[in-house]
Amino acid sequence: MSACVPAPADSARTKHVHPPHSPPPGPRRFRIAGADVSASIAVFLIALPLSLGIALATGAPLQAGLVAAAVGGIVAGRIGGCPLQVSGPAAGLTVVTADLIQQYGWRTTCAITVLAGLAQLGLGCLRVARSALAVSPAIVHGMLAGIGVTIAVAQLHIVLGGTPQSAVPENLAALPAQLANLHPADVAVSALTLTLLFLWPRLPGRVGRVLGKLPAALIAVAAATALAALTGLRLPKVDLPSWSSHALAALPDGPVLGLVAAVLTTTLVCSVQSLLGAVAVDKLVAARPGLTGRVRRSDLDRELLGQGAANVVSGSLGGLPIAGVAVRSSANVAAGAVSRNSTMLHGGYVVIAALLLVPALELIPLASLAALVMSVGLKMVSLNHIRTVTRHREVLVYAVTTGGVVFFGVLEGVALGIAVAVGVALHRLTRTRITHVETEGGHHIHVRGQLTFLAVPRLSRVLHQVPHGADAVVELDGSFMDHAAYETLQDWQKTHTAQGGSVDITGRRPGLRISEPVEVDDCRCRPWTAWRNHQCERPPTATAPPDAGSQDTTGVADLTGGTGGTGGTGGREGTTTSSPTDLARGISAFQRNTAPHVRGELARLAREGQQPSQLFLTCADSRVVTSMITSSGPGDLFVVRNVGNFVPPPGEESGDDSVAAAIEYAVDVLKVRSITVCGHSGCGAMQALLGTEPGGAQTPLKRWLRHGLPSLARTPGGGDGAGGPRLAGRAAADTAERLCLANVVQQLEHLRAHESVSRALAAGGADGGLELHGMYFHVGEAQAYLLAEEAGEDGEAVFRRVLETDLTA
C-alpha cells in the first residue's frame, strides 16, 4: 500500500490557494543510448548488401529491397512487440515472392503484400500469435531448409554467369550446360565473395578479433566490388533506376482463388518466421544478464501487428514482403543494442543510403550479391536442426516438408509436412507394445507407449495370462493413460489381489500423467502425483452450513503444498485446521497410493544403504520442499535443516554440534561430492535477526540466531544493496532479501572452516573432489538462483537465475 500524506487541519479553508509559481519543466529530450547507435551501424552494414541480394534473387526491382529494409526498421521497429528484432526482406520469403512475381507481375505482388499485412493486423487483433507457435519445429525447419535449397540452386546459375530458371528441377537440369559455359569474371568475383564470407569470421589473433567486428557480408561485397573496379572486369552490376520511375502497388489482377492462396502463403511465412524469430531473440536477451531487466519479453500479438503494419506500408511503397530476420536480429543483440532505437536507426541509415549512395551501390557486381544470397540459403539447411529432429524421431516430417517446398512450393510443402506430422502423431498414439515375461519371481508385464482405449483389448488379453495367485509387476513406460485403460488395469488389479495374488504397478518415467476416476471415498487425489500436498475435495457437511456472507471453503482443494495429502492447510486462508486425523489420513493415502510405487526402490535402498551424492543444508521453513525444488528422490540428498540454514563455526560451545556432526558424517562417511547451502525468501530467521535488539533474556532462539550476526554485519544498509551479494538481473527487494543472500555466502565461509570440509577441499583429485555451492530460492516466484563462480563487476558475489534448458538439445 502506498503511504498517504495527511492533509493540513485547515485544508477546507486553503484548498483554493494556488501553490507558489514554479517554472514549467522544459521539453523532454529524446536521448539515444550509445550502444544503440553502434549496434544500428553494425546492423545497417549487414542489411544493405543482403537487401539488394534478396531483391535480386526474387526478380524484383532492386529498390524494393531497400524500401523493405527501411520500412522494416522504422515501422516494425517502432510498433512491433520485440524491441531488438530487426525486420526487413528475409531469405525465407524469397521463393514465395519470386513465384508471385512470375505469376502476377511486380505491382500485383505489391498488392498481395499489402493484403498479407492487413491479414496480419487482423490476426494480431484476434490475439492468436501464440497459436502460430503450435506448428511443429520440424515443419518450420523443413520449410526453411526447402527454401534455402531453392535459393542456393537458383543463385548458383548467377554465380556461374548464367540466368536461373523458375523451378528447382529445371535449374538442376540446366546446371550441366551452365557448367560447360562458365563466365570467368563472374566466377572470380563469386569465388572471392564466398572465400571472404567463410574466412573473415575465422581470422586468428588479436587482429582477427578487431577486424572480425566488421560484418563479413559487407567486407565480401566490398572486396568483390573493388576487384571488379580495379581490374576492369566487364560483368553485370547493380542497376538502380530513378526513384521517379519506381513501381508502386496496383489493384490485384488475377484469379480470386489464386490471389487468396498467395495472400495466405505470404501471411503464413511472414508470421511464422517473425514469431519464431521473436522467441529466439528472447533467448538471446536472456543469455545477456545485463539486458534482462532493461528489455521486456516479446509481446507476440503486438509483434504481429507491427509486422502487419510494415507489410502494408512496404507493399504500398513498392517494397518486398517483410519478416523478422534472424541474422540481423542476432547481430543487433550481439552488438549491444538495448532498445528499439537501434532497429529504427538502421532503417534511417538505409533511407540515406538509398538516396545518397546510388553511384556507389551501382558498382556492386550481381555475381557477388548472388554468392552472398547463395551462402545464406545454404546456411538455412542447418545440420543442428537435422540432428535435433532425428533425435526426436521427426526426420520424416522434416524431409517431406523440405522435399515438398523444393519440388512443389512453400504452401504445398507445409501442407504435406502438417499431414505427415499428424500421421506420425496418430501412429505414436496407437503404437503400444505390451510384453509378458514369466520369471522365477513372478510375471512381468511391460507396457511401452501411450495406453489408450485402442490398446485395451491387447492389455486385457495379456493380463489374463497371469495365473491366479501369482505375483505380477506391471511396468508402464509411457506418458499417458486414458480412462478406459485405467479402469481395465484397476479392475484386474482388484480381482487378482482378491484371488490371492499381488500386483505392483510401476512407471519408469517421472511425471507420469494418468487420467483416473474419482476415488470411492470422495477424495480426488491423483495417486500417481509425486509430491503434491493438498486438502482433498470433500462434500460440505449438512450439520454446519456456512453463515450468510461467509466463504465456504470445505470443498475447495488447496493445491499449493507438498506430498501425498497430509491434509495440511498449505497456507490457504479459511481451510480446515490440520489435526492428527488429517495426518493419519495423509499416511493412509501414502500407504494406499504411493507406497506400491516406491516400495521397490526403498527396498533396494534398505538393502544397499544410503549413498547420497550431495549434502543439502537449508532452512526448516515448511515452504522449502527440497525434493521438489531439486527434483530428487529417496536416497539422493542428505538433508540438514535448521532455523536460518546456519552452519555454526567449529569450536562453538553452545550445544550446536548437531550441524557439525552431520557435516562430518556426510563428508567422511557418506563421501558426498558436493555441499549446497540454500537460503530462501521471506525467511523468519532473517526477519528476527533484523529485529534483534541487544540485551534482554537469552532464549534458545536468540542464542541460535547469534550464528547469523556475521551475516548481518556483511549486509549493506543502502537502499540499492550496493557492495553486497546481489541477484543478477534485478535489485534485491528489501534488506531482508539482501540479508538472505549475504547469509548464504557467510555460511559457506563457516562451512570451509570445518576440518572435514577443508581436508576434502584440499585433497581434490582427478575426480574433482568436494564442491561447495550457494543457492537462493524465491518462494513466491518459484525461482532458484545459484551463486556464480565468477564475481560481479564490483567484486561481490552474484546469484544467477537458473534458466530452463533447451528442450530441443
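Residues: numbered from 1 along the sequence shown.
- For the atom pair CG of Asp36 and CG of Asn341, the computed distance is 5.0 Å after rounding to the nearest 0.5 Å.
- In this structure Ala222 satisfies the side chain to side chain contact (heavy atoms under 4.5 Å, CB included) test with no other residue, sequence neighbours excluded.
- At most 12 heavy atoms of other shown residues, nucleotides or ligands fall within 6.0 angstrom of atom CZ in Arg297.
- With sequence neighbours excluded, the residues that form a side chain to side chain donor-acceptor pair (under 3.5 Å) with Gln85 are Glu303.
- Taking Glu362 as the reference, nothing meets the side chain to side chain donor-acceptor pair (under 3.5 Å) condition, with sequence neighbours excluded.
- By the side chain to side chain contact (heavy atoms under 4.5 Å, CB included) test, Val43 pairs with Val86, Arg328, Asn332, His346, sequence neighbours left out.
- How far CG of Asp282 is from CG of Leu84: 9.0 Å, rounded to the nearest 0.5 Å.
- Inter-residue side-chain proximity for Leu361 and Leu48 is flagged as met; some heavy-atom pair is nearer than 4.5 Å.
- Counting only distance, with no hydrogens or angles, the side chain of Asn171 and the backbone of Pro164 share no donor-acceptor pair below 3.5 Å.
- A distance-only check finds no donor-acceptor pair linking the side chain of Ser314 to the backbone of Ala310 [under 3.5 Å].
- Among residues two or more places apart in sequence or in another chain, the salt bridge (Lys or Arg N to Asp or Glu O under 4.0 Å) test is passed with Arg209 by none.
- Qualifying side chain to side chain contact (heavy atoms under 4.5 Å, CB included) partners for Thr150, counting only residues two or more places apart in sequence or in other chains: Val95, Val168, Val406.
- Side-chain atoms of Ser274 never come within 3.5 Å of backbone atoms of Ala323 as a donor-acceptor pair (strictly under, hydrogens ignored).
- Scored by the side chain to side chain donor-acceptor pair (under 3.5 Å) test, Asp186 finds no partners at all (sequence neighbours excluded).
- Of the N and O atoms on the side chains of Thr94 and Thr58, not one donor lies less than 3.5 Å from an acceptor on the other residue.
- The OG1 atom of Thr267 sits 8.0 Å away from the CG atom of Asn311 when rounded to the nearest 0.5 Å.
- Between the Arg340 side chain and the Gly77 main chain, a donor and an acceptor come within less than 3.5 Å of each other.
- Remark: Ser674 engages Gln614, Glu771, His773 in a side chain to side chain contact (heavy atoms under 4.5 Å, CB included) (not counting sequence neighbours).
- Residues meeting the ring-ring contact (aromatic ring centres under 6.0 Å, His included) test with His157, sequence neighbours left out: none.
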Sequence neighbours left out, cut at 3.5 Å: what donor-acceptor pairs do the side chains of residues 224-241 make with other protein atoms?
| from | atom 1 | to | atom 2 | distance (Å) |
| --- | --- | --- | --- | --- |
| Thr225 | OG1 | Val221 | O | 2.7 |
| Thr231 | OG1 | Leu227 | O | 2.5 |

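- Side-chain N or O atoms of Thr113 include one that pairs as donor or acceptor with a backbone N or O of Thr109 at under 3.5 Å.
- No side-chain heavy atom of Leu770 sits under 4.5 Å from any side-chain heavy atom of Arg673.
- With 3.5 Å as the limit, one finds no donor-acceptor pair spanning the side chains of Ser271 and Gln307.
- Taking all atoms of both residues into account, the shortest heavy-atom contact from Val373 to Ile54 is CG2-N, 3.8 Å.
- With rounding to the nearest 0.5 angstrom, the NE2 atom of His385 is 8.0 Å from the OH atom of Tyr398.
- The two residues Gly59 and Ile101 have their closest heavy-atom pair at C-CD1, 4.1 Å.
- Remark: Arg206 CZ is loosely packed, at most 12 non-hydrogen atoms of other residues, nucleotides or ligands lying under 6.0 Å away.
- The CG atom of Leu372 sits 10.5 Å away from the CD1 atom of Ile46 when rounded to the nearest 0.5 Å.
- Applying the ring-ring contact (aromatic ring centres under 6.0 Å, His included) test to every pair with at least one member in residues 178-204, sequence neighbours left out, gives no pairs at all.
- With sequence neighbours excluded, the residues satisfying ring-ring contact (aromatic ring centres under 6.0 Å, His included) with Phe44 are Tyr349.
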